[in-house]
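Take a look at the structure below.
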Amino acid sequence: MTEINKEGSSQVSLNGGDSDGAYNFRKIEEKWQQKWKDSGIYKVANSSYKPKCYVLDMFPYPSGAGLHVGHPLGYIASDIYARYKRLKGFNVLHPMGYDSFGLPAEQYALETGQHPAVTTEKNIETFRSQLDNIGFSFDWSREVRTSDPKYYKWTQWIFLQIFNSYFCNTEKKALPISKLIDKYATRGSKYFTAEQWNGYSEKQQQDILMERRLAFIAYGEVNWCEALGTVLANDEVINGVSERGGHPVVKKKMRQWYLRITSYAERLLQGLETVEFSDAMKEMQRNWIGKSEGAEITFNIQRSTFSLQVYTTRPDTIFGVDFMVLAPEHDLVNQITTPEQKEEIAKYLEYTKGRSERERLAEVKSITGAFTGAYAINPFDSREIPIWISEYVLAGYGTGAIMAVPCGDQRDFNFAKHFNIPITNIIGDDYNGEEANPTKEAVLINSGFLNGMLMKDAIPVVLLKIEETGIGKRKVNYKMRDAGFSRQRYWGEPFPIIYKDGVAYAVDEKHLPVELPHVEIYKSGPEGKGPLANIHEWVDLGSGAERETNTMPGYAGSSWYFLRYMDPHNDAAFADKKVTDYWNQVDVYIGGTEHAVGHLLYSRLWTKILFDLDLISFDEPFKKLLNQGMIQGSSRLVFRFIPIPVEPGGYELIHKIKYPFPFIFVSINYYNKLIDEMGVDPREVLNIYLKNFSSFTISEEELEYYSFEVYPLRVDVNLVDGVELNINEFRKWRNGEYANATFILEDGKVLSFGEDLGEVKSKYICGVETEKMSKSKYNTINPNEIINKYGADTFRMYEMFLGPVEQSKPWDTKGIEGIHRFLKKLWRLFYDDIKGKIWNGEKASDAELKVLHKTIKKIEEDTERFSYNTAVSAFMICVNELTDLKCHKKEILEPLLILIAPYTPHIAEELWHHLKGSPENRDSEEVSILDASFPKLEPKYLVEAEKEYPVSINAKMRTTIKISLDASAEEVEKIVLQNEVVQKWMDGKPLKKLIYVKNKMINVLV
RNA sequence: GCCCAUGUGGUGAAAUUGGUAGACACGUCAGACUUAGGAUCUGAUGCCGCAAGGUGUGGGGGUUCGAGUCCCUCCAUGGGCACCA
């Protein structure tokens, strides 16, 4: 690693330390970051004669672990784009903030007693200082924090708009609930007349309205853990027990808030057509919404007035229905079960209840079910169909009942086989009796009026018949459920809701925000309520009025933050409509795929609702979405010999093994070589090395008790150079836990306690594993470390050079030297180590202009399509070529600096001012490079007169020939056929055909 | 099981429209300058081969004058969803 002096410039790159000629990145970066801050150059106005561009990052949750090198990948990408657009003459909004409500802070408070507000503030400070180091162009005057009362006042306000709206099924949009009330009062509804409505009590009316509100109350199941006294998120529950502590978790019904996102299913689906998201992202959202088209069919039940509705996507298989299956929770179960089957059904219900209480033990899924004794009648051929119940049918999807077609559906088939239900074959030879065949291509048999039809052709025929005869109707179904919108937690937005006589009422707008009260204790309230329920004086408002004690979930604040950035200090509205009209949609949104269905769907929903209520003028928030890949950590492993008892079950042998067993680490390749190539027993290997210990010897006899394993141990990546362990640092690690360790090196040499690597040429080589970057895996890299060594510009450019932004990749610092070298090389176009200033005002040659304009073209194209890794390579090519041309001309260098400024703003700004000011006065207040204009491409410099064509003979590349681009096809043919190499490979055979694609290639066929 | 994405040198990768595969870097090797080099510069570097040449983008097949790119099929890796009717 390069030694760096205190000023942060590379020690050797300069002549006499801090002379004029040095690329002193630390000094430059500090200077410009301060100047940019002082001048407020990143402040952006809400109006301009320039076109607008809104470039947004997904704001971070300020975790205690701070920023690691994975975070900035997306931020750098967006920063480059924002700076580029600014140079291109746009008024660019590029804000940043914090998603500062959330579970980890509350968890931390539970453990340490520190208030989330305090730890959050502290974490934000750390994040901010780390972000500042990288030199982003954020307009910090627009910072938002979701946990700030000034912010969540408007989260609550928007919630109330949602609460006070309903989805009009005719207009397919949200309307104020007052319109619905008017309608009920004047015209009534399907279910009641206006007179009836007006006669209802307040509570009756409110209950009816709750059925239509877009934010509504219902009773939903949560994961309740009695031992922890709290509600757990799904991912905190593993195999029916809590992740922490392993306590049992049961389902518990609780009053919950929901957002009626299902009403928007179709619009959320349609909206995907209008935005630029990746196909993968759109597909994920489509899967989540889960639209399917089919039919809802009514089956009458024999000897009963009840009927059964099923939903199917395959009405063509109606003649193959051999049984029906209801979800155990289905309403009809009790009503249709025959007396003889009552006991069996009751037993099965008992069983499923027990199952649902424990989070189902997923993997082994046995076939279970019970017969109700009742029969349904097939509406087409009047066959009697037994009705079963089984847990594989879910109450929440479709109608909670299915028609089972065993020859076409594997689950139905398994069920039929298991319970010996006869199977009807409706697809002839396409069914083999061994397994179901879900084809749509088979010809139907045993299917009444559908006989002889191809299944896929039969679908519209049977649908028509179903509708004609009134036994059912076409139906579009969505998998998506309404979104749970309340949490039994403390660190979130309180609901602006007050209950009177059990009816939920909105808090008056003028009392917003409902501030989160301070608490000292973060434990859950009684009966699984949130911690807020403990604060009686806050909850109880007297005369039967009580506050809602739930808080909003993490995604509440993040569902609309992009709007607040536009007008962050507005006290009168969440954002002024004139301002949201100006900034409009986010032009580019950059963030990780992990938010594919959560955050992105919810913010799309909120945007659509606000649009419907005429509060904003666009109904999709993000015009273009760019998913950055994950930066994985690269963990380093050392391998420790550990003793294990020789015989299985010989537990007492463990006591005969000497403890503490010394730390012996073996270099991985050497170990593998011993085992693989030489077939050595690891015990023998250890036996050899143990003899080197003076402090720890084992007799031959004792050794009998030992067997050995090599056990991997993660070591802090910062103690490893590439894969070579820094043994001295490692010995100091963790307060010297491994100070006495012995190392068996790559060549088999032993390095014992206290010995220095010194003259020994060998190394200790670590194993490598790529996994998630995480503190507990000792593989996090703090950007500050890289920036201290190489500077922010190098760091920024290196992250972009790693590969395509969208691609996940492991972090690796090898290669960063190349970027640093490049920046020094760029600097040397302006300053020579010995001669000092070498840039000049001479007139540029055509060759130099060609290099410049080639680069302009490439950078412009690549930046527009976010292909930053290739853009970086274009810069390298440009600097290499200018170096070869010995070009130090301002006419070339000045535009080049503008091109590179979005990528490496500090060095660009510094050199820009050198060019602009006189050498004696280089800090003069010239206009910043941030406000320069992007150089204009002059295609005339790129015009080529001739092209070196690749020439193939029989499709095999043999040579290249330079030919003028003006040459006619005949001339080309003549030139090619006269070429010696071509003649050699033609070998006297006659020309069959010559393929000539202008400006591409030539292929000679013989 | 279903859906999506990705497979290219020792490594990160490039090839934007079907047209010279491996740009640009890292690493490695050789050399220059130097008291020194972990600075800088020059050259080499897919694989096999002394060379001529052959071969090569996960495997197999196809379309085409021409395939990393298009089609079929199989395999591997990563991600998402999962008794979804």
Side-chain angles (χ1 to χ4, degrees), chain A residues 1-3 10-14 278-288 290 292 294 310-314 317 324-325 327 360 362 365 367 390-394 396-405 408-412 414-415 438 477-480 593-594 596-597 627 629-630 632 722 770 798 801-804 806-810 812-819 821-822 824-825 828 833 858 861-862 864-865 867 869-878 880 883 948-960 992-997 999-1005:
Chain A
M1 203 94 355
T2 318
E3 279 293 313
S10 307
Q11 196 172 40
V12 262
S13 67
L14 35 134
S278 70
D279 289 344
M281 183 63 50
K282 288 186 179 182
E283 198 58 30
M284 268 189 239
Q285 295 212 358
R286 284 193 199 105
N287 283 343
W288 185 263
S292 67
V310 300
Y311 173 73
T312 179
T313 54
R314 293 296 301 274
T317 63
M324 314 288 278
V325 188
R360 55 179 167 238
K365 281 164 186 166
I367 299 161
S390 176
E391 60 182 346
Y392 83 82
V393 175
L394 304 178
Y397 185 76
T399 61
I402 62 159
M403 52 179 232
V405 183
D409 181 288
Q410 195 57 39
R411 282 189 328 267
D412 297 347
N414 295 344
F415 193 89
N477 207 33
Y478 300 93
K479 192 159 80 180
M480 183 166 68
T593 28
E594 63 272 22
V597 284
N627 289 117
M630 201 171 52
Q632 292 146 320
T770 300
Y798 180 59
F801 191 56
L802 277 174
E806 298 95 324
Q807 199 169 298
S808 282
K809 54 230 153 189
D812 208 325
T813 44
K814 80 179 177 202
I816 197 166
E817 299 275 358
I819 299 289
R821 249 173 242 160
F822 160 75
K824 286 193 277 189
K825 200 166 179 181
R828 282 201 302 273
D833 287 355
K858 181 76 176 149
E861 286 169 0
D862 285 357
E864 289 285 356
R865 67 188 178 111
S867 178
N869 55 330
T870 52
V872 172
S873 127
F875 282 125
M876 290 175 169
I877 292 168
C878 175
N880 287 345
T883 304
E948 189 170 2
Y949 282 93
V951 180
S952 302
I953 287 88
N954 283 337
K956 193 110 200 129
M957 225 288 276
R958 295 299 180 186
T959 186
T960 58
K992 255 191 227 157
K993 192 178 179 188
L994 188 135
I995 293 159
Y996 161 64
V997 181
N999 213 7
K1000 291 276 189 210
M1001 44 61 68
I1002 293 160
N1003 190 5
V1004 181
L1005 301 179

Tell which nucleotide pairs with B:A67, taking only Watson-Crick or G-U wobble pairs whose two distances are both under 3.5 angstrom.
none
So what's B:A5 paired with, Watson-Crick or G-U wobble, going by both distances under 3.5 Å?
B:U77
If B:C83 has a Watson-Crick or G-U wobble mate with both distances under 3.5 Å, name it; if not, just say none.
none
Distance, rounded to the nearest Å, where A:Met480 contributes CE and B:G80 contributes C1'
17 Å
If we take the P atom in both B:A39 and B:C26, what is their distance in whole Å?
11 Å
Using the P atom in both, what is the distance from B:A15 to B:C24, to the nearest Å?
14 Å
Indicate the ring-plane relationship of A:Tyr311 and A:Tyr397, choosing parallel, tilted or perpendicular according to the 30° and 60° boundaries.
perpendicular
In the structure shown, which nucleotide is the Watson-Crick or G-U wobble counterpart of B:C29, with both distances under 3.5 Å?
B:G43
Does A:Arg821 make a side-chain N or O approach to OP1 or OP2 of B:C26 shorter than 4.0 Å?
yes
Please determine whether a side-chain nitrogen or oxygen atom of A:Lys956 lies at a distance below 4.0 Å from atom OP1 or OP2 of B:G56.
no
Distance check needed: B:U20 C1' versus A:Glu948 CD, whole Å only.
9 Å
Could you tell me how far B:G12 sits from B:G7 if I compare only their P atoms? Round to whole Å.
12 Å
Atom-pair distance (CE on A:Met1001; P on B:U20), nearest Å
8 Å
Between B:G49 and B:G38, how far is it from one P atom to the other, in whole Å?
32 Å
Roughly, in whole Å, what's the span from CD in A:Gln807 to P in B:G12?
10 Å
N/O (side chain, A:Asn880) to phosphate O (OP1/OP2, B:A25) under 4.0 Å
yes
Whom does B:U20 pair with, Watson-Crick or G-U wobble, provided both distances fall under 3.5 Å?
none
N/O (side chain, A:Tyr397) to phosphate O (OP1/OP2, B:A85) under 4.0 Å
yes
Tell me whether the OP1 or OP2 atom of B:A39 has a side-chain N or O from A:Arg828 closer than 4.0 Å.
no
Can you check the distance between B:G68 and B:A21, where both ends of the measurement are the C1' atom (answer in whole Å)?
7 Å
With both distances under 3.5 Å as the test, what is the Watson-Crick or G-U wobble partner of B:A15?
none
Using only modelled atom types and a 3.5 angstrom limit, is any donor from either the side chain of A:Lys1000 or the base of B:U20 paired with an acceptor on the other?
no
A:Asn869 side chain near B:C24 phosphate (N/O to OP1/OP2, under 4.0 Å):
no
